[in-house]
Amino acid sequence: MFITVSGQKGGVAKTCTSIHLATVWAERGRSVCVVDADRNRSALAYGIRGELPFVVVPVEAAAKATRSADVVITDGQASSDEEELRHLAVGSDLVLLPTSPKARAVELTVELAQLLRRVDVPHAVVLVKVDVRQQRAAQEARAALQAFGLTVLAAEVPLLAAFDKAESQGIPVFSATDDRGRADPRRMAGWSAYQSIAEEIECLISKPLSVASRSISPLPLSA
């Protein structure tokens with residue numbers, strides 16, 4: 001599988017999503033390579049801080065590093081340039097667009113999806129940084145994205161301090177600990193979300209998006 005994780009701006013959990021999807025598949029016995037194509041080199045920095053069960057390489061080393069990989073995940077550059085996006089996404093089985101429930105984030109994702117349609121690349125949206133105390137915002141964001149014909153994954157990534165702790169330590173979220181070395185009590189909610197997302201991605205890639213999207217039940221809008 002070739003997955004590209006992309007967005008129009010930074011701070012949309014691209015690297016977090018790339019790292020954790022890679023971890024899911026690596027934990028399931030797949031050979032995984034993460035390619036850092038972001039100028040900020042966020043994925044490389046994440047990997048250097050700790051130990052991950054897969055390799056992270058700069059885009060310049062991708063050709064050789066990905067030869068034997070079962071799964072290649074590209075942590076893409078945040079960009080709205082159509083030509084740059086075409087070069088980044090060409091050959092991908094799926095471009096994944098992490099999106100927070102904020103109105104501006106939804107607007108930027110819709111714009112990016114329109115670019116991807118023009119270059120004829122399969123894509124889907126995953127809602128990230130979802131505050132469980134503000135579930136209505138996530139429901140409204142989902143409805144807005146679907147209204148533009150976008151495929152939105154059913155699983156949502158919760159807003160958790162555990163993700164920040166995991167990144168600072170260079171480890172997956174399920175190993176995150178607080179400043180006293182105690183396991184973060186909410187860490188498994190984040191890990192479970194990415195496990196579900198990985199399964200949905202495999203389902204999307206195995207069938208046309210037009211068919212797969214009908215199998216994903218959107219959350220109902222609250223009154």
Side-chain angles (χ1 to χ4, degrees), residues 3-18 20-21 38 73-82 84-86 88-89 92-161 163-164 186 189-190 192-205 207-223:
I3 311 294
T4 297
V5 183
S6 188
Q8 274 202 336
K9 67 182 187 69
V12 294
K14 287 191 300 84
T15 298
C16 179
T17 296
S18 299
H20 283 89
L21 286 176
D38 194 322
I73 300 175
T74 300
D75 184 19
Q77 170 68 24
S79 175
S80 59
D81 181 83
E82 185 170 336
E84 184 174 2
L85 190 62
R86 184 194 300 273
L88 180 65
S92 295
D93 294 306
L94 182 73
V95 175
L96 190 64
L97 306 174
T99 306
S100 76
K102 295 181 179 179
R104 183 54 181 158
V106 171
E107 291 171 359
L108 290 173
T109 295
V110 170
E111 292 175 6
L112 187 56
Q114 291 173 339
L115 291 177
L116 290 168
R117 284 173 180 165
R118 286 203 291 271
V119 299
D120 195 26
V121 174
H123 52 279
V125 179
V126 58
L127 288 172
V128 299
K129 299 185 177 182
V130 176
D131 191 333
V132 295
R133 298 165 298 181
Q134 301 176 8
Q135 191 61 45
R136 183 169 181 172
Q139 294 169 354
E140 291 174 347
R142 177 182 295 277
L145 291 162
Q146 290 176 330
F148 281 96
L150 275 66
T151 297
V152 185
L153 302 188
E156 300 174 353
V157 180
L159 177 65
L160 299 176
F163 283 120
D164 295 327
R186 298 188 62 204
S192 177
Y194 278 114
Q195 287 179 307
S196 296
I197 289 165
E199 292 171 4
E200 288 189 72
I201 288 173
E202 292 194 53
C203 178
L204 287 175
I205 290 175
K207 65 181 73 173
L209 283 180
S210 59
V211 175
S213 62
R214 292 198 293 270
S215 68
I216 298 174
S217 301
L219 295 174
L221 288 174
S222 56

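The analysis underlying the following values was restricted to heavy atoms, covering all of them including side chains, and did not include hydrogens, waters or symmetry mates.
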Parallel, tilted or perpendicular, judged at 30° and 60°: which one describes the rings of Phe163 and Tyr194?
perpendicular

Among residues at least two apart in sequence or on other chains, which ones pass side chain to side chain donor-acceptor pair (under 3.5 Å) with Thr74?
none

State which residues pass side chain to side chain donor-acceptor pair (under 3.5 Å) with Ser100; sequence neighbours excluded, sorted by chain then number.
none

Check whether any side-chain heavy atom of Val12 lies under 4.5 Å from a side-chain heavy atom of Thr109, and answer yes or no.
no

Could you report the tightest heavy-atom contact between Val130 and Pro101, atom names first, then the distance?
CG2-CG, 4.1 Å

For Asp131, enumerate each residue passing the salt bridge (charged side-chain N to carboxylate O under 4.0 Å, His left out) test, keeping only those at least two apart in sequence or located in another chain.
Arg133

Where is the tightest heavy-atom contact between Val128 and Ala13, given as atom of each residue plus distance?
CG2-CB, 4.1 Å

Check for a donor-acceptor pair, side chain of Glu200 on one end and backbone N or O of Ala154 on the other, with a separation under 3.5 Å.
yes

Would you please test Leu112 and Val95 for side-chain contact (heavy atoms from CB on, under 4.5 Å) and show each step?
CA-CA 11 Å; Leu112 187 56; Val95 175; over 6 Å; no

Nearest 0.5 Å please: distance from the OG1 atom of Thr4 over to the NZ atom of Lys14.
11.0 Å

When every non-hydrogen atom of Leu94 is compared with those of Ala124, the smallest separation belongs to CD1-N, 3.9 Å

Verdict with supporting geometry, Val106 and Val125, side-chain contact (heavy atoms from CB on, under 4.5 Å):
CA-CA 10 Å; Val106 171; Val125 179; over 6 Å; no

When rounded to the nearest 0.5 Å, the distance separating CD of Gln139 from CD of Glu156 is 8.0 Å

Please round to the nearest 0.5 Å and tell me the distance separating atom CD1 of Ile197 and atom CG of Leu204.
11.5 Å

What do the steps show when you test Val110 against Glu107 for side-chain contact (heavy atoms from CB on, under 4.5 Å), and what is the final call?
CA-CA 5 Å; Val110 170; Glu107 291 171 359; 5.8 Å; no

Quick check for you: to the nearest 0.5 Å, what is the distance between Ser196 atom OG and Ile201 atom CD1?
11.0 Å

For Ala193 versus Pro158, what's the shortest heavy-atom pair and its separation?
CB-CD, 4.0 Å

Counting N and O atoms only, with roles assigned by atom type, does the side chain of Arg142 sit under 3.5 Å from a partner on the main chain of Leu153, one being a donor and the other an acceptor?
yes

Counting N and O atoms only, with roles assigned by atom type, does the side chain of Lys129 sit under 3.5 Å from a partner on the main chain of Gly11, one being a donor and the other an acceptor?
yes

Starting from the C-alpha separation in whole Å, work towards a yes-or-no answer on side-chain contact (heavy atoms from CB on, under 4.5 Å) for Ile3 and Ile205.
CA-CA 10 Å; Ile3 311 294; Ile205 290 175; 3.5 Å; yes

With rounding to the nearest 0.5 Å, note down the distance linking CZ in Arg117 to CG in Leu150.
5.0 Å

Output the distance between atom CZ (Arg186) and atom CG (Leu160), rounded to the nearest 0.5 Å.
4.5 Å

Tell me the closest heavy-atom pair linking Ala155 and Val126, and the distance in Å.
O-CG2, 3.9 Å

